[in-house]
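Read through the structure below, which is laid out as structure tokens, and then see the notes.
Order of the sequence lines fixes the chain letters, A, B, ..., with proteins taken first and strands second; residue numbering starts at 1 for each chain. Note that the structure is a prediction, hence the values are computed from the model and not measured.
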Amino acid sequence: MLGTVTAMLGYPFLVRALIVGTLVSLCAALLGTSLVLKRYSMIGDGLAHVGFAALAIAYAFKAAPLSIAIPVCIIAAFFLLRIKEISRIQGDAATALLCSTALAVGVMTVSLTTGMNTDVCNYMFGSILSMSKSDVYLSVVLCLLVLFLYSFFYHKIFAITFDATFAAATGVRANLYDMILAILTACTVVLGMRMMGTLLISSLIVFPSLTAMRVCRTFKGTAFLAGLLAVLCFWAGLVFSYVGSVPTGACIVVTDVAVLAVFCFLEKFRERRREA
Amino acid sequence: MVLLQCRDLAFAYEGKTVLKALNFTVAEGDYLCVVGENGAGKSTLLKGLLRLLPPAAGTLNRGPGLQDGNIGYLPQKTRAQQDFPASVYEVVRSGCLNKLGWHPFYGRAEDQRVREKMALLDILPLKDRCFRNLSGGQQQRVLLARALCATGKLLLLDEPVTGLDPLMTAQFYKLLRRLHEQENLTIVAVSHDVRQAVREANKILHLGQGQLFFGSTEAYLQTRLGQYFVESVGAC
């Protein structure tokens, strides 16, 4: 086991994957705690599809992919979080609409221009190993920024997650903090797409917090445990992916599912004991 | 001192007028109950008073003593909170957020305030319990403590006793009376229980798409509307 890890650390591209993956997992888990509780579990999926369309268009115009995908996703995230107020379409229906529309636009752009090449495939199914050095720098800086802003606004994020109406009623700028949450989510999702792919990105946001919620009684505890589990599952997934030569994203999701099952069992066990 | 003043106030949802021609004031020390049948616009009015809904017409003025940091609100419970992993302390403390401004973290003053309000409502022993595991009455007290953290003056309550059993309801009204008398809080409560309302409040606002009555409880009981409403609710 230790030998495998040492061997893995010998490859520079795996070290890069490790650094970025750890940071992205951590960000996604922290934000995910809020999003799952606000009933926005599918926002990651929606944004990733938008991100895919944006990347396809960026390729077509030979622009830098992330510099287009991030702003487009921020706008989409903002609309998804506010859709309840601006139209009668429900949040889940809006996410579904956005997912398929964006995917359609992306696929059309790809087939009209470059064709289905490896780059496009990487964004669909994830390939953390293809990250360049400049990608890594950008990702690290953005992740650290997300972590910093999350801790800076932690209490505000708690308040708008628990009860946004109360916060707004008592004079807290709930809309502003909603927007901050949307921006942070969009950045995280675009960065995470590389690792998990458009199709699996939701797992980074949903699994760790759902798992942590099985056993935690406080919000702080839930966020903390979700972050920890996300990082551990990512590491485990990366090792399995190396050993079994399977795509990293899929390995991480399978690890997440296993951990969730264990925690569900723990919760049931604890309830039993309390009843007895 | 006047805290809230409405002149010809109206509210609309998606272009449809729900409430119109509202003329009433809330003065410091009032205990106002807003009554009316389902769909009379009680909750709409409360949202309007909280500035969650802009007025469609007329004016709503807040008195000088009423900055944003001095309004507390006890909402109807939402479904999302039933599985929320948060400790009682975390929930109550979130009421102090409007005092925080741009400052990112709570300090000793907020901690003090949270403990004070929890002690006032006898929920200090529940401090580290998980909010979702509490009984309905306990949850209501926790949310009330949160509202008290947000205000020193005006407290707005939206159907505060829905879902509570008769004993807990009585206790809750007793608690409100104590807050009104001892803590000098001005209270505006929306309620469909008109008999309880006339027992507790010193002012009544009766709504039905508009303002049917506003004045003191004694005057309300003299009107035919008041007598009819109290009796017909009592009969069923």
### Query
If you check every heavy atom in residues 25-36 of chain A against those of chain B, which residues fall under 4.5 Å?
none
### Task
Mind telling me whether B/F131 and A/F162 have parallel, tilted or perpendicular rings, with 30° and 60° as the class edges?
perpendicular
### Message
Taking every non-hydrogen pair under 4.5 Å, which of B/C130, B/A86, B/G72 racks up the most with chain A?
### Response
B/A86
#### Entry: Contacting region of B/L97 [heavy-atom separation from chain A under 4.5 Å]
both
### Query
Do A/T185 and A/Y40 have side-chain heavy atoms sitting under 4.5 Å apart?
no
### Message
Any heavy-atom pair between the side chains of A/F166 and A/V172 that's under 4.5 Å?
### Response
no
### Summary
chain A shares the most heavy-atom pairs under 4.5 Å, among B/S94, B/S87, B/A147, with B/S87
### Query
Is any side-chain N of the basic residue among B/R93 and B/E110 closer than 4.0 Å to the acidic one's carboxylate O?
no
### Summary
Bottom line for A/L176: the part with an atom under 4.5 Å from chain B's heavy atoms is side chain
### Message
For a quick test of reading the model, state the closest non-hydrogen atom pair linking B/L19 to B/T44 and the distance between them.
### Response
CD1-CB, 4.3 Å
### Query
With sequence neighbours left out, what residues match B/R129 under side-chain hydrogen bond (donor to acceptor under 3.5 Å, both in side chains)?
none
### Task
Tell me, out of B/L50, B/N133, B/V88, who's got the most heavy-atom pairs with chain A below 4.5 Å.
B/L50
### Query
Heavy-atom distance under 4.5 Å to chain A: side chain of B/L143, backbone, both or neither?
side chain
### Query
Would you call the rings of B/F84 and A/F219 parallel, tilted or perpendicular, where under 30° means parallel and over 60° means perpendicular?
parallel
### Message
Less than 4.0 angstrom from a charged side-chain N to a carboxylate O is my criterion; do B/K117 and B/D122 meet it?
### Response
no
### Query
Nearest heavy-atom pair of B/A10 and B/K20: which atoms, and what distance?
CB-CA, 3.8 Å
### Query
Looking at B/R132 and A/M213, what are the two nearest heavy atoms and their distance?
NH2-O, 3.4 Å
### Per-residue contact mode, A/T222 against chain B (heavy atom under 4.5 angstrom)
side chain
### Task
Considering only heavy atoms, give the residues of residues 137-151 of chain A separated from chain B by less than 4.5 Å, sorted numerically, with 'none' for an empty result.
A/S151
### Query
What part of A/F152 is in contact with chain B, defined as an atom under 4.5 angstrom from a non-hydrogen atom: side chain, backbone, both or neither?
both
### Query
Would you say B/T151's side chain and B/L148's backbone share a donor-acceptor pair under 3.5 angstrom?
no
### Query
Any donor-acceptor pair under 3.5 Å linking the side chain of B/T186 with the backbone of B/G29?
yes
### Message
Among residues at least two apart in sequence or on other chains, which ones pass side-chain hydrogen bond (donor to acceptor under 3.5 Å, both in side chains) with B/Y89?
### Response
B/D111
